[in-house]
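Report on one structure; see the data block that follows.
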Amino acid sequence: MTGGAPRVPRPRDAPRDTGARTAGHGQAHGAAGPRHDDANRTGGRDDLSRWRGRATDPDADRSRAEDSSPAAVARLRARSRLLLRQLLRPHRRALGLAVALLLAQNAAAMSGPYLVMLGIDRGIGPLRAGDPGPLIAVAAAFVVATAVEYAARRAFLTLAARIGQAVLLDLRRRVYGHFLRLDVGFHERYTSGRMVSRLTSDLESIAELVDGGIDKLVMAGLSVLSVAGILLWLDLPLAAVTLLAFPFLFLLSRWFARASAGAYRRTREAVALVIVHFVESLRGIRAVQAYRREERNERIFAAVNDDYRRSSLRAFRLIAIYSPGIRLIGNLTTAVVLGYGGWRVLGGGVEVGVLAAFLLYLRRFFEPMEELSQFYNALQSATAALEKLAGVLDERPAVAEPADPVPLPAGPPRGAVTFRAVDFGYRRQTPILSGLDLTVPPGQTVALIGPTGAGKSTVAKLLARFHDPDAGAVDLDGVNLRDLADAELRRAVVLVTQETHLFSGSVADNIRFGRPDADDEAVVAAARAIGAHDFIAALPDGYATDVHRRGGRLSAGQRQLVAFARAFLADPRVLILDEATSSLDVPTERLVQRALHNVLRDRTALVIAHRLSTVETADRVLVLDDGRIVEDGPPAELIAADGRYAALHRQWRDSLL
């Protein structure tokens with residue numbers, strides 16, 4: 001990202017940021033100086049969207065889930081409905097049973113006011129005449145209806161919980177698995193905080209609806225429909241009076257549905273920004289504390305947190321209008337029905353029991369609608385969350401699996417690499433490589449050197465197929481990488497970078513990461529070959545020692561040695577070392593240099609390094625500049641040619657004196 005530092009409103013009494021040159025936070029880079037102060041004096045809420053700096057591409061870190069254009073929103077809604085159908089399809093029988101239980105519960109609940117009507121109109125008269133039988137029969141029927149309602153509701157809740165948890169489990173697996181399958185380019189531009197938001201906040205919103213509201217939501221909808229039909233059946237004139245309230249209910253509900261959909265979508269986006277800033281700040285905590293950016297990051301967090309608060313308040317304001325509005329319409333309608341019904345009772349047009357039942361049903365009509373407004377909160381939040389998740393699942397990997405994969409040829413020689421007229425740029429308008437042609441025979445070790453930005457790491461990423469070329473092709477043993485199955489490519493090509501990542505677990509588990517079926521003897525042999533056995537054996541539990549999160553128990557050099565052992569055990573056809581020794585001290589680097597002869601033997605290797613000591617193991621040196629090969633040959637010949645490599649070699653040799 002380029003441009004000025006993040007801009008947030010600055011309180012009048014807050015100290016000015018007068019000289020810091022780092023944003024102190026994972027995604028924000030740029031200068032902060034007088035212009036930043038001017039921005040603070042004139043900035044408003046619109047500056048919040050630029051708190052991570054000004055992006056060259058404003059959508060660089062956004063997936064389809066964050067696209068807010070009308071066409072995209074419509075597509076996301078359609079995708080979310082399709083996703084919901086896919087998630088529910090395996091549970092069709094259980095859903096059918098759940099619907100039957102709901103209908104039984106609803107029928108039992110709806111019988112209550114009707115039994116009250118029978119008790120008043122058919123039981124009171126015989127009771128006065130000394131015959132309690134009809135009233136007792138009605139009371140017994142009421143008890144049976146209550147028991148059926150209890151049993152059906154209990155069975156439904158148990159079944160609904162089972163279905164809901166299975167759906168959530170499936171959804172978590174889908175989202176997590178899809179994130180893993182998306183290409184490296186997606187993860188380089190899509191912030192980790194947004195991923196965390198998708199897997200936590202969005203899934204929790206759906207879980208809240210499943211755990212605490214969906215049964216009441218469905219029952220409320222059934223009650224409204226059932227009561228509407230019963231009211232028409234009980235007494236048509238009274239129902240006609242009730243229908244006068246329907247236009248007001250329709251207009252109010254339609255307004256609430258439209259307004260709340262946008263409000264909850266903004267709430268999901270706002271909470272995602274909170275998580276993004278929190279995660280990125282903690283990931284860069286060393287830089288934050290080293291440059292004393294705690295106060296500034298707190299101001300940024302306060303701004304995004306306040307935006308989330310305001311988005312949530314808007315959603316609750318909508319509920320504060322809708323819920324009392326429903327109650328007001330319900331109470332006014334009940335008062336009108338009571339007055340009109342009482343006048344008809346006096347005139348003999350309707351029985352008292354019918355009026356009593358009608359009023360009870362009327363309450364059951366408006367109360368669920370009022371509850372719907374409460375649970376609509378969870379429904380809209382879950383709907384917005386499902387749209388976000390559907391948008392993520394709609395992302396297609398830029399590096400796609402081939403429809404008909406071609407296997408690599410078996411047997412030696414293995415590891416021939418060819419770049420054929422390759423053009424590539426991380427952005428189309430700024431190419432990194434232009435017409436690159438390169439052939440590496442099997443078993444050859446090639447060193448890539450050149451200034452920063454020359455395209456060395458880009459060559460490595462294309463060979464590892466983290467990206468596909470914009471033009472041309474990259475072949476391995478005569479097979480285009482686009483035609484290779486991803487699993488076979490990962491077995492054939494291994495990339496070791498300076499940013500070694502170790503996972504929580506034992507040293508042995510991390511070494512066998514690239515070959516999970518390797519036994520302990522193979523793990524120890526790999527560590528011995530790379531020169532890591534001695535320090536591993538000296539650990540408290542040897543190979544069983546827990547390295548802790550990100551390998552925090554080991555030094556940087558030890559982590560790099562474990563990474564080398566991991567690559568050696570994987571036994572790839574092609575090994576790529578991208579500045580892999582840059583974090584090693586001189587004694588450890590010399591140890592690794594000796595081990596590299598074993599690691600690189602009988603395999604093709606690309607070694608990218610600024611330290612020319614690493615280049616000494618190479619059979620061939622390529623000097624890159626501006627995406628093109630400007631020198632190519634064995635190290636000794638290039639030194640004798642007195643070109644760029646010779647000049648770099650002299651500088652390196654002089655630095656050792």
Side-chain angles (χ1 to χ4, degrees), residues 45-46 48-49 62-85 197-198 201-202 204-206 208-210 212-214 216-225 228 242-273 307-333 365-392 394:
R45 296 302 308 180
D46 58 317
L48 179 59
S49 61
R62 299 169 76 85
S63 75
R64 296 185 180 188
E66 281 77 35
D67 196 340
S68 57
S69 64
V73 170
R75 186 189 69 246
L76 283 179
R77 286 176 178 170
R79 288 289 301 165
S80 65
R81 288 192 291 268
L82 176 61
L83 174 61
L84 185 60
R85 287 196 296 270
S197 176
R198 300 288 88 86
S201 176
D202 289 342
E204 285 172 6
S205 294
I206 298 173
E208 287 177 6
L209 178 65
V210 169
I214 194 167
K216 295 179 180 178
L217 200 64
V218 175
M219 277 302 299
L222 276 176
S223 297
V224 169
L225 294 175
T242 305
L243 288 175
L244 295 175
F246 274 47
F248 302 100
L249 289 174
F250 174 77
L251 292 175
L252 183 61
S253 298
R254 186 179 180 184
W255 165 81
F256 179 70
R258 289 183 174 181
S260 60
Y264 283 106
R265 190 174 294 111
R266 285 191 293 272
T267 300
R268 304 316 309 163
E269 294 170 356
V271 72
L273 273 183
D307 189 58
Y308 176 41
R309 177 190 64 83
R310 291 185 301 108
S311 299
S312 299
L313 279 178
R314 167 155 176 77
F316 283 113
R317 286 194 192 102
L318 296 176
I319 295 175
I321 296 173
Y322 182 71
S323 181
I326 293 293
R327 174 167 290 190
L328 175 63
I329 294 172
N331 288 338
L332 291 176
T333 304
F365 180 81
F366 285 104
E367 284 177 0
M369 293 197 68
E370 192 174 339
E371 290 181 5
L372 278 174
S373 68
Q374 301 298 323
F375 295 115
Y376 204 76
N377 178 7
L379 176 64
Q380 286 290 67
S381 182
T383 300
L386 189 63
E387 289 176 3
K388 297 294 184 186
L389 293 172
V392 168
D394 199 30

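Everything quoted here is computed from the prediction, not taken from an experiment. Start at 1 with the first residue, then count along the sequence.
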Taking the side chain as every heavy atom from C-beta outward, state whether [X] and [Y] have any atom pair closer than 4.5 Å.
X    : Y    : answer
V392 : K388 : no
F366 : N331 : no
L273 : Y308 : no

Distance in Å, [X] [atom1] paired with [Y] [atom2], rounded so as to fall on 0.5 Å steps:
X    : Y    : atom1 : atom2 : value
L252 : L328 : CG    : CG    : 9.5 Å
D307 : E269 : CG    : CD    : 10.0 Å
I326 : I329 : CD1   : CD1   : 5.5 Å
R81  : T383 : CZ    : OG1   : 10.5 Å

Taking the six-membered ring for Trp, are F365 and F246 ring centroids under 6.0 Å apart?
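Centroid distance F365-F246: below 6.0 Å, so yes.
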Would you name the heavy atoms of [X] and [Y] that are closest together and state the gap between them?
X    : Y    : result
L318 : A263 : CD1-CB, 3.9 Å
S312 : T267 : OG-CG2, 3.9 Å
L386 : L83  : CD1-CD2, 3.7 Å
S311 : R266 : OG-O, 4.1 Å
A245 : T333 : CB-OG1, 3.2 Å
D202 : A385 : O-CB, 3.3 Å

Determine, stepwise, if the pair F256 / I321 fulfils side-chain contact (heavy atoms from CB on, under 4.5 Å).
CA-CA 9 Å; F256 179 70; I321 296 173; over 6 Å; no
Y322 versus S260, side-chain donor and acceptor atoms under 3.5 Å
no
